[in-house]
Amino acid sequence: AGRDEPGVEEAIGLFATMLPMRIALPDGAAYREILRSVKSVALDALSRQETPFEKLVEIVQPDRDTGRPPLVQTMFAMQNFARPEWRLPGLQAEPLTRGDIEAKFDLALVAREQGPALELRFDYDARLFAAETAERMLDRFLALFEAAVESPGAPIEALAWLTPADRADLEAFARSADYDAVEDLPPAHDAVAAAAARHPERPALTWRGESWSYGRLDAESTRLARH
């Protein structure tokens with residue numbers, strides 16, 4: 001990676017760089033259309049891969065937060081190179097499985113080719129996600145991917161992403177007394193918007209000594225939804 005010039009092909013070191021990409025997911029778009037769009041965006045980004053990530057951050061000047069990297073919070077990496085075999089005279093060597101390390105992004109999905117299959121690794125920030133939550137997200141990603149492969153022409157919002165365990169939980173909840181209690185409740189975002197309209201300055205959330213009003217919660221959630 002990053003060795004596009006003959007003079008650096010044999011150089012030792014990490015030449016990889018981050019390629020920020022913005023992917024549009026329009027309503028009603030089929031998986032096949034999204035795939036074409038992602039391919040186009042990726043090829044366009046790769047044509048500019050020599051631009052240092054630090055220079056891009058300097059040009060864009062995003063809002064900085066010491067608790068997260070600039071520009072991107074999720075990452076995908078495709079490792080499509082073969083792992084070399086180490087053959088040393090009189091020695092047998094094998095790669096060591098890495099232990100737990102600090103995540104550099106909120107979420108990172110790393111795919112590595114293993115013959116005809118893909119090996120997936122899901123890295124996550126343990127300050128944001130519990131291990132069980134990360135496992136469920138990966139299971140649902142695989143379910144969504146399988147549905148997309150089976151029905152590439154279907155709109156992405158129509159693809160099934162629930163696992164069999166999720167569906168069993170929902171079916172059990174639908175048969176419980178709790179279902180009748182919440183059936184007529186408005187969606188959470190509508191409830192927050194209504195509360196913000198009635199009393200925007202009233203505290204809605206408190207965490208680690210910081211409090212958000214209903215007005216701020218509604219504004220920030222709306223901004224995030226439209227991002």
Side-chain angles (χ1 to χ4, degrees), residues 1-27 29-88 93-129 134 137-138 141-142 144-145 148-149 152 156 223-227:
R3 290 171 169 80
D4 296 328
E5 299 295 332
V8 297
E9 288 181 354
E10 303 298 326
I12 298 175
L14 180 65
F15 283 64
T17 185
M18 293 295 301
L19 294 177
M21 303 181 193
R22 185 185 295 276
I23 306 299
L25 299 174
D27 292 341
Y31 169 71
R32 185 184 289 112
E33 297 170 7
I34 297 298
L35 193 60
R36 293 195 188 101
S37 176
V38 171
K39 178 180 179 180
S40 176
V41 172
L43 290 175
D44 185 57
L46 287 170
S47 70
R48 298 172 174 81
Q49 62 180 307
E50 294 182 357
T51 303
F53 182 74
E54 294 77 10
K55 183 65 175 179
L56 185 60
V57 173
E58 179 184 333
I59 295 173
V60 177
Q61 295 185 350
D63 295 334
R64 303 300 295 267
D65 183 343
T66 56
R68 62 180 56 198
L71 295 183
V72 295
Q73 282 76 53
T74 60
M75 183 191 75
F76 174 76
M78 179 65 188
Q79 308 290 3
N80 56 354
F81 57 88
R83 289 177 175 173
E85 294 185 5
W86 288 61
R87 298 184 181 275
L88 304 174
E94 62 182 20
L96 294 176
T97 302
R98 67 176 194 170
D100 293 336
I101 62 173
E102 183 177 353
K104 297 180 175 62
F105 301 91
D106 293 355
L107 293 170
L109 180 64
V110 181
R112 181 184 296 274
E113 291 183 350
Q114 295 284 14
L118 283 179
E119 175 187 273
L120 300 180
R121 190 184 77 237
F122 205 43
D123 296 340
Y124 60 93
D125 190 336
R127 297 170 300 178
L128 301 175
F129 306 102
M137 285 192 291
L138 183 55
F141 172 79
L142 293 176
L144 178 63
F145 187 71
V149 172
I156 55 173
R223 181 183 64 82
L224 179 62
R226 295 175 177 173
H227 181 64

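Since the model is a prediction, treat every value here as computed from it, not as a measurement.
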*Should L144 and I156 be marked as a side chain to side chain contact (heavy atoms under 4.5 Å, CB included) after you check the CA-CA gap, both sets of side-chain angles, and the distance that decides it?*
CA-CA 9 Å; L144 178 63; I156 55 173; over 6 Å; no

*asked:* Measuring only between side-chain heavy atoms, which start at C-beta, is L118 closer than 4.5 Å to M78?
replied: yes

_Exercise: identify the closest heavy-atom pair between M21 and A45_ = CE-CB, 3.9 Å

*How long is the gap from CG on D106 to CG on D123, to the nearest 0.5 Å?*
12.0 Å

*asked:* Could you walk me through whether R36 and E33 satisfy the salt bridge (Lys or Arg N to Asp or Glu O under 4.0 Å) test, starting with their C-alpha distance in whole Å, then the side-chain angles of each, then the deciding distance to 0.1 Å, before giving a yes or no?
replied: CA-CA 5 Å; R36 293 195 188 101; E33 297 170 7; 5.9 Å; no

*Would a 4.5 Å heavy-atom cut-off, applied to side chains only, mark I59 and T51 as touching?*
no

*Mind running side chain to side chain contact (heavy atoms under 4.5 Å, CB included) on M137 and F129 for me, showing each step along the way?*
CA-CA 10 Å; M137 285 192 291; F129 306 102; 3.7 Å; yes

*Are side-chain heavy atoms of R121 and R112 found at a separation under 4.5 Å?*
no

*Quick one: closest heavy-atom pair of M75 and F105, and the distance?*
SD-CE1, 3.7 Å

*OH of Y124 to CG of L138: how many Å apart, nearest 0.5 Å?*
11.0 Å

*Locate the shortest heavy-atom distance separating Q49 from L19; write the atom from each residue and the value.*
CA-CD2, 3.7 Å

*Donor-acceptor under 3.5 Å (S40 side chain, S37 main chain)*: no

*Compare every heavy atom of A24 with every heavy atom of I34, then report the nearest pair and how far apart it is.*
CD1-O, 3.8 Å

_Heavy-atom closest contact (P70 atom, F53 atom, distance)_ = O-CZ, 3.6 Å

